[in-house]
Amino acid sequence: MAGKYKEYNQLNLPSIGEEILAKWNQAHAFEKSVELREGETPFVFYEGPPSANGMPGIHHVISRTLKDLVCRYKTMQGFQVKRKGGWDTHGLPIELGVEKELGITKEDIGKKISVEDYNKKCREVVMRFKDKWDDITQKMGYWVDLNNPYITFENNYIETLWWCLSELYKKGYLYESVSIQPYSPAAGTGLSSHELNQPGTYKDVKDTSATVMFKVSQKSKLKIKNFDGDAFLMAWTTTPWTLPSNLGLTVGLNIDYVLVRTINPYTLIPVQIILAKALLGKYFDLQVNIEGDAGSNINQGLDAWFSAGDAFIFNEATKTAEEKKKFEEIYIKRKNIPFKIIDEFKGKDLEGIEYEQLLPSEANTSEKIQEITPGAQPFRVILGDFVTTEDGTGIVHTAPAFGADDYRVGKKNNLGILTLVDKQGKFVDGVGEFSGRYVKDYKDEKGYIDVNVDIAVKLKLENRAFKVEKYEHNYPHCWRTDKPIIYYPLDAWFIKTTAVKDRMIELNKTINWKPATTGSGRFGNWLENMVDWNLSRSRFWGTPLPIWKTEDGEQQKCIGSIEELNSEIRKAAEVLGGETNKHYLHEGILDLHKPYVDDIVLVSADGQPMKRVPDLIDVWFDSGAMPYAQHHFPFENKEAFKQSFPADFIAEGVDQTRGWFYTLHALGVLLFDSVAYKTVVSNGLVLDKSGNKMSKRLGNVVDPFETINKYGADATRWYLITNASPWDSLKFDIGGIQEVQRKFFGTLYNTYQFFALYANVDGFAFKENYVPLKERPEIDQWILSSLNTLIKTVQQSMDDYEPTQAGRAIEEFVDSHLSNWYVRLCRRRFWKGEYEQDKICAYQTLYECLETLSLLIAPIAPFFADWLFVNLNDVSARFKNESVHHVLFPKAKKEVINADLEKRMQLAQDASSLILSLRKKVNIKVRQPLQKVSIPVIDKEMVERIKLVEDIIKAETNIKEIEILADDNNFIRKKAKANFKTLGKKLGAKMKWAADEIVKFDNTTIDKILEGNYLLNSDYGLKGEEAIYISAEDLEVSTDEIPGFEVANKGALTVALDIVISAELKKEGEAREFVNRIQNIRKESGFNLTDRIIVKVSANEGLQASFNEYKTYICAEILADSLEFLPEINDGNAIEINESIVNVNVIKK
RNA sequence: UGACUUAUAGCUUAACGGUGAGAGCAGUUGCCUUAUACGCAAAAGGUUAUUGGUUCGAAUCCAAUUAAGUCAACCA
């Protein structure tokens, strides 16, 4: 005999989660779900490795829910979905954690602690929170293979990375170059962008800024039109210490520049300067009134001074002291420096102009420059796209060593490079009086004198400074020493991603991005503006760059495997002899990390020793190479790799766009000329309730453990998926989870509970034959049609990676179709009458709904789904599978879907809702029967529809009769509205006019149109217009205004309620009220459902008549054997019926 | 600073360019006749961030602005 459906006291999602989880673990449900699909088409998924160095947060739960539900869904679709877990184990955060823990800084490494011990510590710490991660993985129901994960620090993994690097090296994609990087002279170290993004690194500081004048060379003067005398190119800098290293001036191609005649405010020497026209206002008062006060004199004076030629100097010899004083007062204190625009040109006209070096010294002579960068052509004006007219002069002082833009543009234009500041941050020898001085106060010197100020002073004296002032700006500082950083050239290794840029863009277009805008927008733009990938990191815990160089750097080796390295180790030991590599001769290398790899010396073809370059590589390379490294390709698993590349699907946060998504793509294209993934879902961020970013500092982080323990994984997952599209950022509100729990799971649970209660009574176990649809009542056909429509929607949404749509559709079905309509209307079928056809239909129908729902929700709510599935299947044994996650996803049955039936039922729901709202409006309870509702209809179809659902509406709203007002009834007035969609396309500008005409139509006209074409503008001939014919589809017809009735409408549906309560109706209403009161008393008294009772009622003239008339009905409903009226009852309950009070005595028999 | 994303009722959100902007929650009101008060129903709640534009017609398309967020950068 079949068992019973389990019944419960109340819904407890967390305990369902625990119970199902234990079951899964015991039965190896996950492993089985993969094994069962052996031989089926694989669906390839890549797990983006998290770092177990930090605690998992709620934002991890959302992306993992997304990954999990797709994988579960695809498994249910019949694919085999292997999910290898992974751990990201290298990188700065780990180092920082270790340093904090040990209380050391980077400088201590190699001194207070050996690199060996340091890395040992890192290795320990890396899996610090692995237990927590494993725990959350289990509890949230994320199915991923944690027994056999890939771990990025393992030798096998690194060996594949080396293989990748050597492949790139062979293809010529790996090269060494200088890059300008943030560098902290105080700490003596380069800084990562991560370090630069620490809070507090950017500070507002006041620095000496200088607008300086570069004198155009005699040779180049000729290039400038209308020119005599000297001219100076003006450039602005906030770092005057970079001026000795200046090698170029950069202008913008299309920026307008002017040649201006003026005087130097410091030396009062007349000068001609060049700067951007847009920036004149920064240096001159453009409001100077030529006519006013000394206005005309200004220019006169200027011309006079210039006519005196270069020799003219504003001094005692040529001008009186009085004149000088006046000049200073007027022109300088008031900032009204006289000026006159002489000529105007575009940036491109300036290109190639040569200028004299600003601060020549021993260290930056032409010979020195040629020595460092042979063939360099410095001291020229060049073009650069980064030049703006936001501030400065529109001419950018370019010192290639000290700015990334400068370097790039300098290299392009062959300016050479000068680095006149050493790594301690002081000027090198040979920079005259500045040699040996720190460019910023890096040593906390007592009485430090800012060298920048001295440089400015020198330039002022030399007539080479036009404006010097303190300038406040935001400048990055070293987070460790608090000292300003500088940009400094450091050696680095690069991957030439730009070589495959076009191919990456091309292949990106084949990737299915969710949302699409991330792929074309953020990612697409990133690809368009791609620069070569700087791989180098000067750190300790990471994948070492497997490149060895001879001392002179002339010869290099890039190692691609452990075997290759070991053989090179032995070779070097043989050739070089002595102690070389002696620790690595027997077993070879055992750990591919620092410091061991750095111990190893290799040998070049000509017998020179080679040492490894000290760099580690970017951790993003680690994760970007996971498609290969997770299989230890190509050293093992060649077949497994082939089967699993590229991925069908990956998903991570949108913050990975330029991280993992990029590195995967770059390596896929570089190594295999292929995409690395076909579909990528980038989910948004999880913010707190009020839209703020979650951070420990604000204390608004949500603990996923707490959430899951309290509300269960299913409610959490369901909330995360259905509340907002995964790619929109989610404002996480715990109240939302409660709502999901109550509303969705609560309703579904209650529906199951209802089913179980009665099915157990009747012993329903789905043993009877499946009743053909045609033989089932209409309402059963309806809910099954609805169910199959739902299956269709869910499948489409899931196939389209739109789980939010799927989840919302399921919610809608459960709440407004299944629970609040089907079950509500069918309740009696489950408990009234014998166990025969109609009842079996009801059970089969409800069972099928519940069972199907368990399958549909399985991807999103895996625990509850399995619970529901197993509870049902344990009794019916319809499936052989022990878990819902092993079953195939349901397929929508077209023949069950009946659109018309669904429409009809919607009509019934709408009509009922309208009637209820009318009842509410006039304050008549549902318990009070009403005689009639009238529904005007527009067409015959609607008549049919209403007739078919008439009984449902009547029962639901307690109305005796539905009157259909057919369209030939004069009683109703039809109202027509233009269908803008169809007409708008046809009519265009005449739309408004047509809409106004249509609204005026009367019944006759509307009927005419409904029957055939109608000419809207009968006078078209007169006006010379086109004839406009409209037909039924161009109208939206509705009705309203039924005199003498309470009317409500929704769309085309109108109901008119007859609210007259006749004496007869009143009696019936009273009887029903009475039944209700007695039922309450039964319940309060704790009687059993089947207990018979005797009822005594105190006499009441009005009510007594009603009760007597409906005595049979009343007694049947309340299971009373007798109903008596007594003159007085003292010990009974007082009840109120329609404002009359009677006493009743209810006695259990 | 740049690229990108987002902005609809108090909150969470929906609406192929087609016209009284639709739900749920909270609040209000009314309901427990055998699954659900962790429930049901009803009424109310909106200048669709702002300003322009395109269009017969804009929440929807375009531009600018504002605010928030992400990533990249911070550069004279």
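Throughout, protein chains are lettered first and strands after them, A, B, ... in sequence-line order, and every chain is numbered starting at 1. Computed from a predicted structure; not experimentally measured.
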A.B. asks: Output the single nucleotide from B/rU5, B/rC25, B/rC71 whose closest atom is nearest the side chain of A/R658.
C.D. replies: B/rC71
A.B. asks: Mind checking if A/Q753 touches a base, just sugar-phosphate, or nothing, with heavy atoms under 4.0 Å?
C.D. replies: nothing
A.B. asks: Should the side chain of A/S819 and the base of B/rA35 be counted as holding a donor-acceptor pair, with the cut-off at 3.5 Å?
C.D. replies: yes
A.B. asks: Could you list the donor-acceptor pairs under 3.5 angstrom formed between side-chain atoms of residues 719-729 of chain A and any protein atom two or more places apart in sequence or on another chain?
C.D. replies:
from   : atom 1 : to     : atom 2 : distance (Å)
A/Y719 : OH     : A/K731 : O      : 3.1
A/Y719 : OH     : A/D733 : N      : 3.0
A/T722 : OG1    : A/W718 : O      : 2.7

A.B. asks: Pick base, sugar-phosphate or nothing for A/N979, based on heavy-atom distances below 4.0 Å to the nucleic acid.
C.D. replies: nothing
A.B. asks: Between the base of B/rU70 and the side chain of A/R522, is there a donor and acceptor pair under 3.5 angstrom?
C.D. replies: yes
A.B. asks: Tell me whether A/R808 is salt-bridged to A/E812, with the criterion being a basic N under 4.0 Å from an acidic carboxylate O.
C.D. replies: no
A.B. asks: Does A/Q738 contact B/rC38 through a side-chain donor or acceptor facing the base, at a distance under 3.5 Å?
C.D. replies: no
A.B. asks: How many Å lie between CZ on A/R1072 and C1' on B/rC31, as a whole number?
C.D. replies: 15 Å
A.B. asks: Please check if any side-chain donor atom of A/T747 sits under 3.5 Å from a side-chain acceptor atom of A/S819, or the reverse.
C.D. replies: no
A.B. asks: Where does RNA chain B pair, written as one dot-bracket string 5' to 3', with Watson-Crick or G-U pairs under 3.5 Å, ( ) inside the strand, [ ] for crossing pairs and | for another strand?
C.D. replies: (((((((..((((....[...))))..((((.......))))......(((((..]....))))))))))))....
A.B. asks: Determine the contact category for A/V926: base if any of its heavy atoms lies under 4.0 Å from a base atom, sugar-phosphate if only primed atoms, P, OP1 or OP2 are that close, otherwise nothing.
C.D. replies: nothing
A.B. asks: Could you give the distance separating B/rU5 and B/rA9 at their P atoms, to the nearest angstrom?
C.D. replies: 22 Å
A.B. asks: Would you kindly give the CG-to-C1' distance between A/D406 and B/rC75, to the nearest whole Å?
C.D. replies: 8 Å
